[in-house]
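Here the structure is a predicted model, which means the values were calculated and not measured. Reminder, nothing fancy here: chain letters follow the sequence lines and each chain counts from 1.
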Amino acid sequence: MAKDVKPTRKNLMEIEDRIELSERGHGTLEKKRDGLIMEFMDILDKAQDVRGDLADDYDEAQKKINMARAMEGDVAVRGAAAALQEHPEITTESKNIMGVVVPQIESSRVSKSLDERGYGIMGTSARIDEAAEAYEDLLESIILAAEVETAMKKMLREIETTKRRVNALEFKLLPELKDSQEYIEQKLEEQEREETFRLKKIKEKKEAEEAEEAAREAAEEAEATDEEDEDLDEVQPDTAAQSPTGN
Amino acid sequence: MSQEIAVVGSPEFTTGFRLAGVRRFENVPDEEKDAELDDAVTDVLEDEGVGIVVMHDDDLDYLSRGVRQNVETSVEPVVVTIGSGTGGGGLRDQIKRAIGIDLMEEDEDS
């Protein structure tokens with residue numbers, strides 16, 4: 001709080017420096033937040049497209065596997081699924097968007113040819129192949145969606161953090177620093193006024209003392225002159241009394 | 001480091017993915033989802049060899065609050081939900097919180 005700071009010129013200078021730094025930081029963070037939001041908008045558009053494709057691919061894959069189940073039976077489909085030998089793998093590389101590290105997912109062995117799948121061609125039908133192919137396409141879409149959604153989640157976290165920092169600077173730190181600055185400035189002005197008033201009082205007191213001294217001296221002087229005059233008056237009647245008898 | 005794709009859900013849901021070669025899967029029958037889905041999802045999320053987890057949208061309702069929050073915010077591995085909804089229910093809330101506007105709603109309407 002503003003009341004906790006000592007009202008000194010040194011503190012005032014320190015607070016002014018902090019205000020300058022905070023305002024600079026606030027501006028930079030605001031720019032970062034706006035930049036992140038713009039980048040996020042681009043990713044969001046992409047995510048909507050990817051989501052649409054994903055939903056379509058899932059519907060398609062569902063249809064195909066339901067057809068395979070209906071034609072071949074659930075046991076045959078499960079049997080084929082259990083026989084798969086090639087497994088899809090993903091590797092993740094990273095890309096930097098305004099300081100946010102987002103993944104770029106590379107996939108391998110997702111789409112496979114018929115002979116790579118591992119289940120026997122003779123024991124299964126084309127329905128199962130079609131279902132497998134549809135699910136491979138669905139996996140490709142899922143990998144793309146995962147990449148985009150991870151990027152979105154990471155960017156959202158960063159946007160939230162940056163927004164919180166901007167708000168903390170704007171609504172907490174800067175107002176407090178400005179309060180402190182105002183408090184110290186008022187206190188220093190008050191001290192200055194008190195000092196001027198005190199000097200004025202001292203000067204008045206000194207002048208009054210000097211005037212009193214001068215008056216006292218003048219009074220003493222006047223008193224001394226009066227005494228001399230009285231002495232003279234006392235001497236003069238004697239001489240006057242003596243002079244007629246002497247004549 | 002190469003990672004795998006994992007699928008969690010009912011046997012009907014996971015079979016298709018197994019046809020596409022996914023070997024990391026957790027089968028949880030519908031009647032056991034209330035009791036066992038939380039553990040299955042937690043196991044998969046804690047597996048460092050898994051990079052992407054695939055789940056059905058409707059299965060999120062069976063998860064407890066904490067696990068569901070992990071699923072919605074997890075980045076490594078990332079959870080992709082497919083099925084009835086538009087997906088990204090958690091994302092939508094996160095967008096509302098971070099940006100201040102419901103951007104997903106706007107996109108859905110348009």
Side-chain angles (χ1 to χ4, degrees), chain A residues 37 40-41 44-45 47-48 51 54-55 57-58 61-62 64-65 68-69 74 77-78 80-82 84-92 103 105 107-110 112 117-119 128 131-139 141-143 145-147 149-150 152-157 159-160 163, chain B residues 1-7 11-25 27 49-57 71-88 90-108 110:
Chain A
I37 290 176
F40 178 78
M41 292 297 191
L44 186 69
D45 287 342
Q48 294 293 330
R51 268 280 155 194
L54 188 62
D57 285 348
Y58 181 62
Q62 282 284 93
K64 292 273 167 68
I65 202 164
R69 277 195 185 112
D74 196 38
V77 177
R78 285 187 192 204
L84 261 286
Q85 286 171 347
E86 289 285 328
H87 306 286
E89 283 183 350
I90 51 168
T91 45
T92 313
I105 303 175
S107 59
S108 59
R109 286 182 287 177
V110 176
K112 297 173 274 289
R117 287 199 182 121
Y119 52 77
I128 293 179
E133 205 178 321
Y135 267 93
E136 283 167 2
D137 290 344
L138 177 61
L139 275 188
S141 297
I142 286 173
I143 290 165
E147 185 180 306
E149 285 189 7
T150 312
M152 278 174 73
K153 281 179 187 173
K154 284 195 164 189
M155 290 197 76
L156 279 174
R157 273 186 202 172
I159 289 171
E160 240 183 303
K163 199 175 157 187
Chain B
M1 184 184 117
S2 65
Q3 290 174 308
E4 281 188 77
I5 299 170
V7 189
E12 291 76 32
F13 181 71
T14 58
T15 308
F17 291 97
R18 290 174 63 203
L19 260 185
V22 174
R23 62 178 165 182
R24 181 77 170 88
F25 63 95
N27 276 341
V50 173
I52 299 172
V53 181
V54 186
M55 285 182 73
H56 196 278
D57 266 337
V71 165
E72 284 169 351
T73 54
S74 175
V75 170
E76 281 172 10
V78 61
V79 182
V80 179
T81 57
I82 52 176
S84 53
T86 51
L91 258 182
R92 190 171 175 168
D93 290 339
Q94 222 176 334
I95 291 172
K96 266 199 258 181
R97 210 168 48 238
I99 315 277
I101 313 164
D102 191 356
L103 292 169
M104 301 270 257
E105 186 183 53
E106 187 185 300
D107 286 348
E108 271 169 32
S110 66

List for me each residue that meets side-chain contact (heavy atoms from CB on, under 4.5 Å) alongside A/K163, sequence neighbours excluded, and say none if there are none.
A/R33, A/N167
May I ask you to name which of A/I143, A/T92, A/I37, A/I90 has the most heavy-atom pairs under 4.5 Å with chain B?
A/I90
Separation between CD1 of B/I99 and CE of A/M41, rounded to the nearest 0.5 Å:
5.5 Å
Atom of A/I142, atom of B/V80 and distance for their closest heavy-atom approach:
O-CG2, 4.0 Å
Atom CD of B/E4 and atom CD of A/E89: how far apart are they, to the nearest 0.5 Å?
6.5 Å
May I ask you to decide if B/P11's main-chain N or O and A/R78's side chain share a donor-acceptor pair within less than 3.5 Å?
no
Heavy-atom pairs under 4.5 Å with chain B, option from A/I65, A/L156, A/I159, A/T150 with the top count
A/L156
Proximity breakdown for B/V79 and chain A, heavy-atom pairs closer than 4.5 Å:
backbone
Can you name the nearest heavy-atom pair linking B/G21 to A/P88, along with the distance?
O-CD, 3.1 Å
Can you give me the closest heavy-atom contact between A/A146 and B/V78, atom names plus distance?
CB-CG1, 3.5 Å
Output the distance between atom CZ (A/R51) and atom CD1 (B/I82), rounded to the nearest 0.5 Å.
8.5 Å
Beyond-backbone contact of B/R24 with A/H87, side-chain heavy atoms, under 4.5 angstrom
no
Who are the side chain to side chain donor-acceptor pair (under 3.5 Å) partners of A/D57, not counting sequence neighbours?
A/S141
Are A/L138 and B/V54 close enough that some pair of their side-chain heavy atoms sits under 4.5 Å apart?
no
Report which part of A/A55 has an atom under 4.5 Å of a heavy atom belonging to chain B: side chain, backbone, both, or neither.
neither
B/F17 and A/Y135 have their tightest heavy-atom pair at N-CD2, 3.6 Å
Please state whether the side chain, the backbone, both or neither of A/L54 comes within less than 4.5 Å of a heavy atom of chain B.
side chain
List the steps and the verdict of side chain to side chain contact (heavy atoms under 4.5 Å, CB included) for B/Q94 and A/M152.
CA-CA 10 Å; B/Q94 222 176 334; A/M152 278 174 73; over 6 Å; no
Count the heavy-atom pairs under 4.5 Å between each of A/M155, A/K64, A/K153 and chain B, then report the option with the highest count.
A/K153
Using heavy-atom distances under 4.5 Å, tell me whether B/T73 contacts chain A through its side chain, its backbone, both, or neither.
both
A/A82 versus chain B, the contacting section by heavy-atom distance below 4.5 Å
both
